[in-house]
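Chain identifiers are assigned alphabetically (A, B, ...) following the order of the sequence lines, protein sequences preceding nucleic acid strands; residue numbering begins at 1 within each chain.
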Amino acid sequence: MEIRFFNTLTGTSEVFQPVHSDCVRMYSCGPTVYDFAHIGNFRSFLFADLIRRTLEFFGHRVHHVMNITDVGHMTDDASADGGGEDKMQAAARRMKEDKKSGRVPEGAVQNPDDPYQIAKYFTDAFLEDARTLGVKVAFEYPDNVLQATQHIDAMQAMISQLIQRGHAYVGPDGVVYYSVESFPAYGRLSGNTLDRLMTGAGGRVSEENQANKRHPADFMLWKPDSSHIMKWDSPWGAGYPGWHIECSCMARKRLGRDVIDIHTGGEDLIFPHHECEIAQTCGATGENSFARFWMHARFLLVEGEKMSKSRGNFYTVRDVLQGRVRDEKGQPTGVSVHPAVLRLELLKSHYRGNMNFTHKGLIDSAGVVRRLTEFRARLEAASGGRCEAAVDLSHPVLNAFAAALADDLNIAGALGAILPWATTTPADPAVALGVLERVNDVLGVAPLATSGGEQASDEQAEIQQLCAQLDDARRRKDFAAADQIRGQIQKRGYDVKTSPTGTLAEKRLA
RNA sequence: GGGGCGGUAGCCAAGUGGCUAAGGCAACGGAUUGCAAAUCCGUCACGCGAGGGUUCGACUCCCUCUCGCCCCUCCA
């Protein structure tokens, strides 16, 4: 089956073919570790995970690499040579406040003034969140999840190479800059070509502080700065690398090729980050492309609005899972959300459109997860657990599912193919189970392989006892008591199902 | 001002130059139930942001407008 992806580089949907047939090499821009990652970040990471799983579904071997930005970049890079507050220092400041407020557990970070400890804390938190949500690459740390601070040497080597090849220079201020004029293809990805940047910026680009650069759009590769909180020796003085170089460098190094297949990120990274990555990599390798496909996920809105801390609609993964999502009345629901539900919610709309994260959507996703899970249980019961492994695209449901995914990751179409099927009673449950297995290799929600901690069994026992009381009341036809008990169970976040064989209570998924 | 993406029912969300515009949620009617929940059956867009144009025929192609989002400072 032919796979098509929309390529930001060409602005069209193209047939995907790996450069080397042995393996698809893809690189995803990962998180910075100055704070907990939020659900918008994860929309992008799950999008990358979906690409990977889809390619694997179609039989490709995939080498997926993601970076973690742990170099303390500056909050204000307006002049492109580093200004403002160091993000690691800002994180340290927040960390101290958070320790006081209890948001960060006592003892989690011994010394907030040590940037490596802060980075480690948030890196661990990120990996935990990513694994909870089934992001495959997170299970491949540290092999395929690379930290920038551990590849400084390689970055310096690439910077030297760029200077040698005439793509970079040391400015009068001692900063190493990339010369955008040395790379004619600059702007091809974003449409922000040099002439457009000049005319379109409304004077912003050509403002002050450009004196050290040959062209206003030149960007920093290395900044000597002995006062920086994280710094490394270099031929250009002790300092730190520019933001863009880590990706160029680590992708090339870890994937082992000068031209990779796919590069992903959020839409905000198209310019300048990815534009600069292309300039750097092509400048160093001499190739005329870096990644064959550039794929970007649109932004996520929350309840129709931009996610922002001041609006109170800013959610980390933890916020959602632990029931801090606000409902329509603006109140935290207090109902914990199953990771599979959040995974599906962040996956279920097309990556090239804005996604609107809502409480209602979460409930909706919970219904889908429950339905698929129950479908699996029914199939397992019917087949005696036998799962036919030899299913292929000749199966109509799997074929429709695959065809949708192959069409630029049409996830809604793919769900549309399986959801009606999930209410049927397939003639051959073992085959159906095989199909569901393949489907779930991509979706990863029924079940989510990585489940987090299960509920305390104390609670389970209590609920079971309440169910028994409910059954007893119903047997006595004391319906007032029965309704009261049912309300009690529901209040604890359970759905109550009465049946001839006794009442069952199931934890709500969201 | 410049670059880019998107606007399909109450909500989420597919799709196509021409059979009845997927699917899910919600809603409504029915079966079931002590009542519910779950489940099952059924109903639910003469219309696809607005206005033009091309065409035998457009929601699907072109133009204009409008609204939303991203980038042009760090940001998934």
Check: If you check the Arg196(A) side chain, which of G34(B), G3(B), C72(B) turns out closest?
Finding: G3(B)

Note to self: Side-chain N or O of Asn41(A) versus OP1/OP2 of A76(B): is the shortest distance under 4.0 Å?
What the structure shows: yes

Note to self: Given C35(B), A76(B), C12(B), identify the nucleotide with an atom nearest to the side chain of Arg474(A).
What the structure shows: C35(B)

Next item on the list: Evaluate side chain to side chain contact (heavy atoms under 4.5 Å, CB included) for Phe183(A) paired with Ile278(A), printing each intermediate quantity in order.
Entry: CA-CA 10 Å; Phe183(A) 186 67; Ile278(A) 292 172; 4.0 Å; yes

Check: Is the CZ atom of Arg378(A) crowded by more than 12 outside heavy atoms at less than 6.0 Å?
Finding: yes

Checklist line | A76(B) pyrimidine/purine six-ring stacking with Phe299(A), under 5.5 Å and 30° | finding: yes

Margin query: Quick one, His274(A) with His296(A), criterion ring pair (Phe, Tyr, Trp, His ring centres under 6.0 Å). Give me CA distance, side-chain angles, the key distance, then yes/no.
Written below: CA-CA 10 Å; His274(A) 289 165; His296(A) 296 96; 5.0 Å; yes

Check: Does any donor-acceptor pair link the side chain of Asp364(A) with the base of G24(B) at a separation under 3.5 Å?
Finding: yes

Next item on the list: Report yes if a donor N or O on one partner sits less than 3.5 Å from an acceptor N or O on the other, where the partners are the side chain of Arg486(A) and the base of C35(B); otherwise report no.
Entry: yes

Notebook entry, point to check: Should Asn410(A) be listed as having a side-chain N or O under 4.0 Å from OP1 or OP2 of G15(B)?
Noted result: yes

Notebook entry, point to check: With respect to the side chain of Arg370(A), which nucleotide from U39(B), C5(B), C12(B) is positioned closest?
Noted result: U39(B)

Next item on the list: Ignoring the backbone of Ser44(A), work out which of G2(B), A76(B), G23(B) is nearest its side chain.
Entry: A76(B)

